[in-house]
2 protein chains.
Amino acid sequence: MEQITIKKTTKEKEILEEAQKLFSHFGLKKTSLEDIASSLGMAKTSLYYYFKSKSELFKAVLKHESSSFIKNIKKIFESSNDIKEILTTYFKKRTEYAKELSKLRGLIAKAQKSPFISGEETLLTNLLEQGVKDEILKKINPELLAVLILSLLKGLEKNLPLIRKREIEERDYDLFIDVLFNGILKK
Amino acid sequence: MEQITIKKTTKEKEILEEAQKLFSHFGLKKTSLEDIASSLGMAKTSLYYYFKSKSELFKAVLKHESSSFIKNIKKIFESSNDIKEILTTYFKKRTEYAKELSKLRGLIAKAQKSPFISGEETLLTNLLEQGVKDEILKKINPELLAVLILSLLKGLEKNLPLIRKREIEERDYDLFIDVLFNGILKK
DNA sequence: GAATATTAGAGTAGAATGTTCGAAAATTCT
DNA sequence: AGAATTTTCGAACATTCTACTCTAATATTC
């Protein structure tokens, strides 16, 4: 009988992480269960013990991926007291993540809801709230501001590389942060 | 009747370049003719007008790739008079190229002769000869030195990423160049 | 050593892939 | 313009690949 484990077994994690690598490199269609299995040195049929189908595995990878992303983001948010520094790092990481995710989703049939990570908005809101309390930021509704920033990021990540040929670069973040701060910084 | 063209037709080049992109990203096996064709907006059967089989196309890509590499290297060698600068750029490019090539060859059955590019050795030898003539370098047999450097590079590219987890980084080149120069620089 | 958890081999139906062939369409030549 | 040639494409096919099932073997836990 199947056991409900609170912690994922290590094997399951291994599979998720290997699959995530392959999926993000080759896409859903081009990654076969054989590829995943042989990368792990196991028979492909063994995968069915852990996941009942390829698409279940894929979904699990997405979930695992985004939850580990949130963990990383949390770390960033706790890593410093300098709100400017936090936001810069955060923007960078988010863009990297979005890039990976878009690869992962490259071959998904229906458009996934949105690149919003659940929990991300809350984190950002809290940060902004704190900034307001500390009188570093102007008194703007933090929730609204959070959504605004997220949308902006989302838009940038999608469209900037299309408009210009190159991808988003270091200085883009600086510029973005700079503009954002000179607009919303108190005084 | 087939015509012997001195210049490859533009279409043929387009195909080679698109195929090269896909092959280097997905590997031989995972890149289908359909993938290549649809990337180019043409029917896959049309590819057979230019190349008589998939493996012929692949071979052509390898050939095209390495000849365009030599062209780039030549440019670097002519771009400056500072031998140190030239070598640094050259090492970097070579490593990038080696990475791409190893992807391309990832699924080739027999091990390809070697990662030596014909012509590369000559170019490097000439550069070193010049350095000796200009009394920038010690009097060491340039041919020998060229082979030595190439072997070293080859070894680095292969083994460094295996020994340490990370890939070759910027500072690795600097260190390498530095060591190399302090060892062979006159005075 | 019984019970359970995990792996792996054989097999299958359906999809994908490389390839051939002949005919349409586009281009070049006269 | 029309003939000759070059280039594209769709239909068809044999082979291979892939996701998946079933069943038995092996390892692990109790």
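Hydrogens, waters and symmetry mates play no part in the numbers below; they use all other heavy atoms, side chains included. Protein chains get the first letters and strands the later ones, always in sequence-line order, with residue 1 at the start of each.
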Atom NZ of Lys44(A) and atom P of dA8(C): how far apart are they, to the nearest Å?
13 Å

dT7(C), OP1 or OP2 - any side-chain N/O from Tyr49(A) closer than 4.0 Å?
no

CD on Glu18(B) to NZ on Lys21(B), rounded to 0.5 Å:
4.5 Å

Would you classify Thr31(B) as touching base, sugar-phosphate or nothing, given that sugar-phosphate means primed atoms plus P, OP1 and OP2, and contacts are heavy atoms under 4.0 Å?
sugar-phosphate

Which part of the nucleic acid, if any, lies within reach of Ser32(A) when heavy atoms closer than 4.0 Å are counted: base, sugar-phosphate only, or nothing?
sugar-phosphate

Ignoring the backbone of Ala43(B), work out which of dT19(C), dA19(D), dC9(D) is nearest its side chain.
dC9(D)

If you round to the nearest 0.5 Å, how far is OG of Ser55(B) from NZ of Lys52(B)?
8.0 Å

Nucleotide dA19(D), atom P - distance to CD of Glu56(A) in whole Å:
15 Å

Return the value, rounded to whole Å, for the distance between atom OH of Tyr48(B) and atom P of dT7(D).
19 Å

Got Thr31(A) and Phe58(A) here, is their nearest side-chain heavy-atom distance under 4.5 Å?
no

Tell me: CG of Leu22(B) to C1' of dT17(C), nearest whole Å?
15 Å

Find out whether the Lys NZ or Arg CZ of Lys30(A) is both under 6.0 angstrom from the six-membered ring centre of Phe26(B) and within 45° of the ring's axis.
yes

Give each protein N/O atom lying under 3.5 Å from an N/O atom of nucleotides 22-30 of chain D, with the pair distance.
none

So do the side chains of Leu16(A) and Lys63(A) get within less than 4.5 Å of each other, counting heavy atoms only?
no

Rounded off to whole Å, could you give me the CD-to-P distance for the Glu34(A) and dA16(C) pair?
18 Å

I need the residues from residues 35-42 of chain A with at least one non-hydrogen atom less than 4.0 Å from DNA chain D; give them sorted by number, or say none.
none

Whole angstrom is fine here: how far is it from CG in Leu33(A) over to P in dT21(D)?
11 Å

Of all the choices, dT7(C), dT18(D), dT17(C), which nucleotide is nearest to the side chain of Lys11(A) once you look at every atom?
dT7(C)

Phe51(A) versus Glu12(A): any side-chain heavy-atom pair under 4.5 Å?
yes

Donor-acceptor pair, side chain of Ser53(B) and main chain of Glu56(B), under 3.5 angstrom:
yes

Rounded distance (Å) that lies between atom P of dA19(D) and atom NZ of Lys54(A)
4 Å

If we only count heavy atoms from C-beta on, is the Leu57(B) to Leu33(B) side-chain gap below 4.5 Å?
yes

It should be established whether Tyr50(A) places a side-chain nitrogen or oxygen under 4.0 Å from OP1 or OP2 of nucleotide dT7(C).
yes

dT18(D) P sits how many Å from Leu47(A) CG, rounded?
14 Å

Considering non-hydrogen atoms only, spot the tightest contact between Leu40(B) and Glu14(B) and give its length.
CD2-O, 4.0 Å

